Amino acid sequence: MTYELTLTDLAAMKQRQEKITCLTAYDASFARLIDQAGIDIILVGDSLGPVIQGQSSTVPVTLSDVVYHCQCVRRGCHRAWLIADLPFLSYVTADQAFAAAALLMQQAGARMIKLEGAHDELIAQLVAHGVPVCAHLGLLPQQVHQLGGYRVQGRKADARHRLLNDAKTVQAAGASLLVLECVPSELAAEITTMLDIPVIGIGAGSACDGQVLVLYDILGLSPHPPARFTHNFLAGQTSISGAIEAFRDAVKQHHYPTSEHSYR
């Protein structure tokens, strides 16, 4: 019988300084390959909008979309910790968030939900009702139109201070994981050291407790010009499984990300 990773396992990995690996998946076949490669976390991200649906952002993705794709991924996922995104405007109120989390955990098989922003009261309410929460700070793709594009966050003094406070806030509210996206590597390192919970970086430098990438990016299939922090792990490999294993090994052995994948 396959042992399914738990939040306790992920917390222990941070304590022993073992890097955590995470990839997105949207269907059973890719989920199975990722799971068999020993990736620690699978994220059913609202990134399915751009890479699966051909959308220009994650904003058009609906809760029904995420539920469907999470159901597919669940069938191929047996070892990895499974996280599902709460999509745009699906957690404006606590009642909305509870209903969305119930669908994703009861019907779709997610073990944890992820939401963008420092919503401390909402996080605390979800956790109080037994919903594990992964927070997401830094670049928030659901706010891309408000931000004026995909921009590195936390470079200016006030933004840096706000990110540090937000990180403390989401941990205090009960979040068990934090995704930190597109922030200067030095700031990400400070946040990672400051927090007790694992910090998973994407475009946040090498000091984070783990790394997450969109599966299609590591296969060189991004529909848009690749972001600085991505890397084509399929190059030089003979199979998709080989690319996934190359990503796993590069993260675990501290070979990825390098300074060229990071921001100052």
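Keep in mind that what you see is a predicted model, and the values were worked out from it rather than measured.
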J.: Output side-chain donor-acceptor pairs under 3.5 Å for residues 47-60, partner residues at least two apart or in another chain, one line each.
T.:
from: S47; atom 1: OG; to: Y26; atom 2: OH; distance (Å): 2.6
from: Q53; atom 1: NE2; to: D65; atom 2: OD2; distance (Å): 3.1
from: S57; atom 1: OG; to: V59; atom 2: N; distance (Å): 3.2

J.: Consider only side-chain N and O atoms of E4 and H78, and report whether a donor and an acceptor are under 3.5 Å apart.
T.: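 Judged by distance alone, the side chains do not pair up.
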
J.: Using the ring pair (Phe, Tyr, Trp, His ring centres under 6.0 Å) criterion, which residues pair with F247? Sequence neighbours excluded.
T.: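 Partners of F247 under the ring pair (Phe, Tyr, Trp, His ring centres under 6.0 Å) test: F233.
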
J.: Is there a donor-acceptor pair under 3.5 Å between the side chain of K114 and the backbone N or O of L177?
T.: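 Here the side-chain-to-backbone pair does not exist.
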
J.: According to salt bridge (charged side-chain N to carboxylate O under 4.0 Å, His left out), who are the partners of R32, at least two apart in sequence or on a separate chain?
T.: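 So R32 forms no salt bridge (charged side-chain N to carboxylate O under 4.0 Å, His left out) with any residue.
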
J.: Residues in side-chain contact (heavy atoms from CB on, under 4.5 Å) with R162, at least two apart?
T.: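 R162: side-chain contact (heavy atoms from CB on, under 4.5 Å) contacts with A159, D166.
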
J.: Are E260 and R228 within salt-bridge range, i.e. N to O under 4.0 Å?
T.: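 Answer for the salt bridge query: no.
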
J.: Any salt bridge linking D40 with K252? Criterion: basic side-chain nitrogen under 4.0 Å from a carboxylate oxygen.
T.: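 Salt bridge flag = yes for K252 with D40.
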
J.: List in chain and number order the residues that pass salt bridge (charged side-chain N to carboxylate O under 4.0 Å, His left out) with K14, two or more places apart in sequence or in another chain; answer none if no residue qualifies.
T.: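 Once residues adjacent in sequence are excluded, the partners of K14 under the salt bridge (charged side-chain N to carboxylate O under 4.0 Å, His left out) criterion are D209.
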
J.: Keeping the roles fixed (side chain from Q211, backbone from G205), state whether a donor-acceptor pair exists under 3.5 Å.
T.: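 Side chain of Q211 to backbone of G205: a pair is present.
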
J.: Could you tabulate the donor-acceptor pairs under 3.5 Å formed by side-chain atoms of residues 70-77, not counting sequence neighbours?
T.:
from: Q71; atom 1: NE2; to: Q107; atom 2: O; distance (Å): 3.4
from: R74; atom 1: NH1; to: G109; atom 2: O; distance (Å): 2.9
from: R74; atom 1: NH2; to: C77; atom 2: O; distance (Å): 2.8

J.: Quick check: does any side chain N or O of S176 sit under 3.5 Å from a backbone N or O of P132, one acting as donor and the other as acceptor?
T.: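 No, the answer is negative, given that no donor and acceptor are paired below the 3.5 Å cut-off.
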
J.: Taking salt bridge (charged side-chain N to carboxylate O under 4.0 Å, His left out) as the test, write out the residues that go with R248, two or more places apart.
T.: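 In terms of salt bridge (charged side-chain N to carboxylate O under 4.0 Å, His left out), with neighbours along the sequence ignored, R248 is linked to no residue.
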
J.: Residues two or more places apart in sequence or in another chain: which of them pass ring pair (Phe, Tyr, Trp, His ring centres under 6.0 Å) with H254?
T.: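 None.
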
J.: Please list all pairs passing the side chain to side chain donor-acceptor pair (under 3.5 Å) test where one or both residues lie in residues 193-203, with sequence neighbours left out.
T.: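 Found none.
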
J.: In chain order, what residues pass the side-chain contact (heavy atoms from CB on, under 4.5 Å) check against A94, with sequence neighbours excluded?
T.: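 Result, side-chain contact (heavy atoms from CB on, under 4.5 Å) vs A94: F98, L122, Q125.
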
J.: Taking only residues two or more places apart in sequence, or in another chain, which ones meet E186 in a salt bridge (charged side-chain N to carboxylate O under 4.0 Å, His left out)?
T.: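 E186 satisfies salt bridge (charged side-chain N to carboxylate O under 4.0 Å, His left out) with no other residue.
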
J.: Would you find more than 12 non-hydrogen atoms of other residues, nucleotides or ligands less than 6.0 Å from Q17 atom CD?
T.: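 At most 12 heavy atoms, drawn from other residues, nucleotides or ligands, come within 6.0 Å of this atom.
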
J.: Taking only residues two or more places apart in sequence or in another chain, which ones pass side-chain contact (heavy atoms from CB on, under 4.5 Å) with D27?
T.: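 With neighbours one apart ignored, the set is S29, F30.
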
